[in-house]
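First the structure, in the form of structure tokens, and then the observations on it.
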Amino acid sequence: MDTQDPKIRFDNVTKVFGEGVDAFTALRNLNLDIADGEIVTVVGPSGCGKSTAMNIVAGLQDVTSGQCLVNGTEVHGPGPDRGVIFQQYALFPWLTVRKNVEFGLKLQGLGKDERRKRAEHYIALVGLSDFADTLPKNLSGGMKQRCAIARAYAVNPSVLLMDEPFGALDALTRVRLQDQLLDTWSRDKRTIMFITHDVDEAVYLAHRVIVLAARPGRLQEIIEVDLPFPRNEDIRLSSEFTKIRNRVWHAVYTRSDKETA
Amino acid sequence: MSVISDAEPPDQKRRGVPPRALVLGIISFAAGIGLWWLATVSGLSVLPNPLAVAIRFGELLANGQLLSDAGASLARVLTGFVIGTAVAIPVGFLMGWYKTARSLIDPWIQFFRVVPPLAIIPLAIVTLGIDEKPKIFVIFLAAFLSSVVATYQGVISVDKTYINAARVLGASDRTIFAKVVIPASTPFILVGFRIGLGSAWATVVAAELIAAQSGLGFRMQQAQLYYDLPTIFVSLITIGILGLIMDRVVVWSDTRLTGWQERM
Ligand SMILES: Nc1ncnc2c1ncn2[C@@H]1O[C@H](COP(=O)(O)OP(=O)(O)O)[C@@H](O)[C@H]1O
Ligand SMILES: [Mg+2]
């Protein structure tokens, strides 16, 4: 594959739920390219189709018209090349941390020893080694999400799709997980599509912030985040950061206010 | 477990009966027997006193009749229950997984659910004879109906995010069924077992009152003819104790099998 080709391409994607009078256009004519190794965050008012767009890339939902391409091929159903992290963690509550992380590895047909080794590596990466044999019910929200991240990483996807993954966590845990995510990205440079409703988070993590508008869900604006990596607290407090943040804020909230008013 | 460093403390609620509740339970039970005793010795009641019941209990235990009666009732319940749940689980999964199966089977289940199993007895005796078959059949029906509904409810209420999480990790429909749907619906199935066992037990005793040559229900029916109140008491108490033990076994396996659940 040519390195110039996008990793993910939305080619005039439209998604309509229901039929006839109940038909609802969740996404209309979305065109968007995401480069290999790029971190793109998606923001927009609730119901603007963020999750729908991500589910289409994940292969959990079909497009109504247009095309979604990953690595140049049209998406048909989910696959281990695209890891997904859900807001509700979606850990299997009947499996321990270790068994959750091994779940995808087992499906790939890996042997027991190899599975264990890989799982242990990723569990250590998210700092859960002491909790490998703990059930999800005994983990805090932040730990659950770290386990879900380890489970997604373990199958070694080249794309990470994250749907408001830190939305339910307290501010401190959230910032810590953002830094961990960027730290891991700086080593593996996976393509990340990250949905959030937190404008600060969107700017802090991204190369580009995609702003969607609602009813119907559509592309509103793409904002380049011209801040250097690695990102850290100094960047978060810089005036450049504030400037970009204000632009994103304006794009999301001012416009949607006008619409609903 | 080691110290947890994250801001949110994990849930560490302990389960089990607090000693206080146990003590109160024992006191209440003892008081009940005391009242029974007072009522009988004071002549307020024609009921046999606790001592007479205890003596009869000893006699029936010694001559083996209690054990053979209890054994006969238990054998019927367990046979009917095992067959009932063994059929209910696959049928329930089928109904939960395939909409067509649901639409085909559900009307029948809804119909038979409102017919008390005992009402089937006359029909069962006429068509299946007077031996064990009609009794086992009605118990089968009682166990089947409650388990099939619970299993099917369990399957349709499996959280969609678990299924999506498995799919994006590369799971096929078959794997999702085996590794997600079955474990996720186990708590529901066990609730069905509990209800099913309870109604199977209630049904067997009633069925034996109507038509049987053995069992605890039959024994009570005989005792009634001879105005043998102590035997009726012994049978009733045995029915209660056995029912309680079976219920505890299901609850115990529930905590073993579904201890992963977050409980409020
Ligand atoms: N399965 C579905 N059936 C019908 N409507 C849906 C379905 N999924 C989402 N929608 C609708 O599509 C719109 C976009 O949903 P979603 O992508 O979840 O929004 P967001 O994640 O941006 O909040 C919402 O109005 C939602 O009600
Ligand atoms: Mg959403």
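Sequence lines set the chain letters: A, B, ... in the order given, protein chains first and strands last, and positions in each chain run from 1.
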Side chain to side chain contact (heavy atoms under 4.5 Å, CB included) assessment of R151(A) paired with L169(B): CA-CA 9 Å; R151(A) 182 175 68 180; L169(B) 289 166; 3.7 Å; yes
Does atom CG of D133(A) have more than 12 heavy-atom neighbours from other groups under 6.0 Å away? yes
For the student: nearest non-hydrogen atoms of A165(B) and A90(A), plus distance: CB-O, 3.8 Å
Basic-acidic side-chain contact under 4.0 Å: E102(A), K179(B): no
Identify every side-chain donor-acceptor pair in residues 93-103 of chain B under 3.5 Å, counting partners at least two apart or on other chains, and give the distances.
| unit_1 | atom_1 | unit_2 | atom_2 | d |
| --- | --- | --- | --- | --- |
| R102(B) | NE | M95(B) | O | 3.0 |
| R102(B) | NH2 | G96(B) | O | 3.2 |
| S103(B) | OG | K99(B) | O | 2.9 |

Engaged part of L95(A) at the chain B interface, taking heavy atoms whose separation is under 4.5 Å: neither
Pairwise distance CD(E262(B)) to CG(N138(A)) - rounded to 0.5 angstrom: 8.5 Å
Student check: side-chain heavy atoms of P93(A) and Y162(B) closer than 4.5 Å: yes
Taking atom OG1 of T161(B) and atom CG of D163(A), what is their separation to the nearest 0.5 Å? 11.5 Å
Rounded distance [0.5 Å steps], CG in D159(B) versus CZ in F92(A): 10.5 Å
Heavy-atom count around E19(A) CD within 6.0 Å, excluding the residue itself: above 12? no
Shorter than 4.5 Å, heavy atoms on both sides: which option in L60(A), I85(A), L105(A), D81(A) has the most such pairs with chain B? L60(A)
Atom NZ of K189(A) with >12 non-hydrogen neighbours under 6.0 angstrom: yes
Contact between V84(A) and N164(B) at the side-chain level, heavy atoms closer than 4.5 Å - yes or no? no
If you count heavy-atom pairs under 4.5 Å with chain B, which of A148(A), G104(A), A152(A), P78(A) comes out on top? P78(A)
Nearest 0.5 Å please: distance from the CD atom of Q261(B) over to the CH2 atom of W94(A). 10.5 Å
Pair count under 4.5 Å, heavy atoms only, with chain A: among S172(B), P183(B), G170(B), highest is P183(B)
Taking atom CZ of R187(A) as the centre, report whether more than 12 heavy atoms of other residues, nucleotides or ligands fall under 6.0 Å from it. yes
